[in-house]
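A short write-up of the structure that comes next.
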Amino acid sequence: MNSPEQPLPTFDEVLLCTPQTSAEQVGLFLRRCLIPCPGGDKIYTMLYADELSYDVSCRAEELFQRLQCYNRSYRLIILCNCERENSYLPSAFSHYKVHMIPQRSQAEMQQYLQHHFRVAQPSSSAAAVFKEHMCVGIVSSKRAGMGK
């Protein structure tokens with residue numbers, strides 16, 4: 001995010017974890033991260049790793065330990081809910097823990113995201129529905145089930 005021209009992460013750089021995420025999905029993701037390949041300047045991110053089941057977390061840690069020796073310059077970020085930091089995977093990687101303090105203001109982050117999510121040529125697309133022709137939007141309500 002040092003420059004507005006830096007791209008957003010691609011689909012292969014991010015794994016959004018849920019309790020239903022399989023060991024195979026985590027394994028593929030870790031292999032992408034830890035096995036060197038051309039153009040390997042990517043930053044890989046596991047979101048909500050604390051949501052993984054115990055079995056999947058154990059297998060992920062084992063695979064990480066085996067593959068780590070292939071690439072000492074990997075870039076992996078594991079983000080977890082601080083209220084669930086005692087679940088298996090966050091505990092297993094706790095010696096790598098870094099408390100993050102945002103280096104950019106909220107306004108700068110919003111401007112960066114707007115730069116990447118704005119539809120270039122407003123047309124008859126769904127982007128016309130969202131503020132300032134964004135192709136992404138958040139719809140929320142304080143009242144559940146009110147037609148969102």
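These numbers come from a predicted model, not from an experiment.
- Across Cys33 and Arg75, no two heavy atoms sit closer than the pair SG-O, 4.1 Å.
- Between the side chains of Ser73 and Asn71, at least one donor N or O lies within less than 3.5 Å of an accepting N or O.
- Heavy atoms only, all atoms of each residue included: Leu34 and Tyr70 are closest at O-CB, 3.9 Å.
- Atoms CG and OG1, on Leu76 and Thr45 in that order, are 7.5 Å from each other to the nearest 0.5 Å.
- Atom CD of Glu13 is separated from atom CD1 of Ile77 by 10.0 Å, given to the nearest 0.5 angstrom.
- Under a cut-off of 6.0 angstrom, the local environment of CD in Glu83 is sparse, with at most 12 non-hydrogen atoms contributed by other residues, nucleotides or ligands.
- No donor-acceptor pair closer than 3.5 Å links the side chain of Arg104 to the backbone N or O of Met109.
- Taking the six-membered ring for Trp, Tyr74 and Phe64 have ring centres closer than 6.0 Å.
- By the rule that hydrophobic residues join a cluster once side-chain heavy atoms approach within less than 4.5 Å of another member, Leu47 and Val26 end up as members of separate clusters.
- Between the side chain of Asp50 and the backbone N or O of Arg84 there is no donor-acceptor pair closer than 3.5 Å.
- Counting non-hydrogen atoms of neighbouring residues, nucleotides and ligands closer than 6.0 angstrom, the CD atom of Gln111 reaches no more than 12 such neighbours.
- Cluster annotation: Leu28 is not connected to Tyr48 through the hydrophobic network of ILVMFWY side chains, with a link wherever side-chain heavy atoms come within less than 4.5 Å.
- Contact detail for Ala60 and Leu89: the closest heavy-atom pair is CB-CD1, 4.4 Å.
- Counting all heavy atoms, side chain and backbone alike, Met46 lies closest to Phe29 at CG-CE2, 3.2 Å.
- Screening residues 4-25 for ring pair (Phe, Tyr, Trp, His ring centres under 6.0 Å), with sequence neighbours left out, gives no hits.
- Between the CG atom in Leu113 and the CD atom in Glu108 there is a gap of 12.0 Å [rounded to 0.5 Å].
- Thr10 and Asp12 are linked by a side-chain donor-acceptor pair at a separation below 3.5 angstrom, with hydrogens and angles left out of the test.
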### Message
Let's go through Glu24 and Arg59 carefully: what are the C-alpha distance in whole Å and the side-chain angles of both, what is the deciding distance for side chain to side chain contact (heavy atoms under 4.5 Å, CB included) to 0.1 Å, and is it a yes or a no?
### Response
CA-CA 9 Å; Glu24 290 75 23; Arg59 290 173 64 184; 3.9 Å; yes
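- The line from OG of Ser57 to CG of Leu52 is 4.5 Å long, rounded to the nearest 0.5 Å.
- At distances below 3.5 Å, not a single donor-acceptor pair connects side-chain atoms of Ser53 with backbone N or O atoms of Pro19.
- The shortest non-hydrogen separation linking Leu15 to Gln25 is CD2-O, 4.3 Å.
- Remark: Arg66 CZ to Arg31 CZ distance equals 7.0 Å, nearest 0.5 Å.
- Annotation: the span from Leu79 atom CG to Leu16 atom CG amounts to 11.0 Å, rounded to 0.5 Å.
- Gln68 and Tyr96 make their closest contact through NE2-OH, 3.4 Å (heavy atoms, listed as atom of the first residue, atom of the second, distance).
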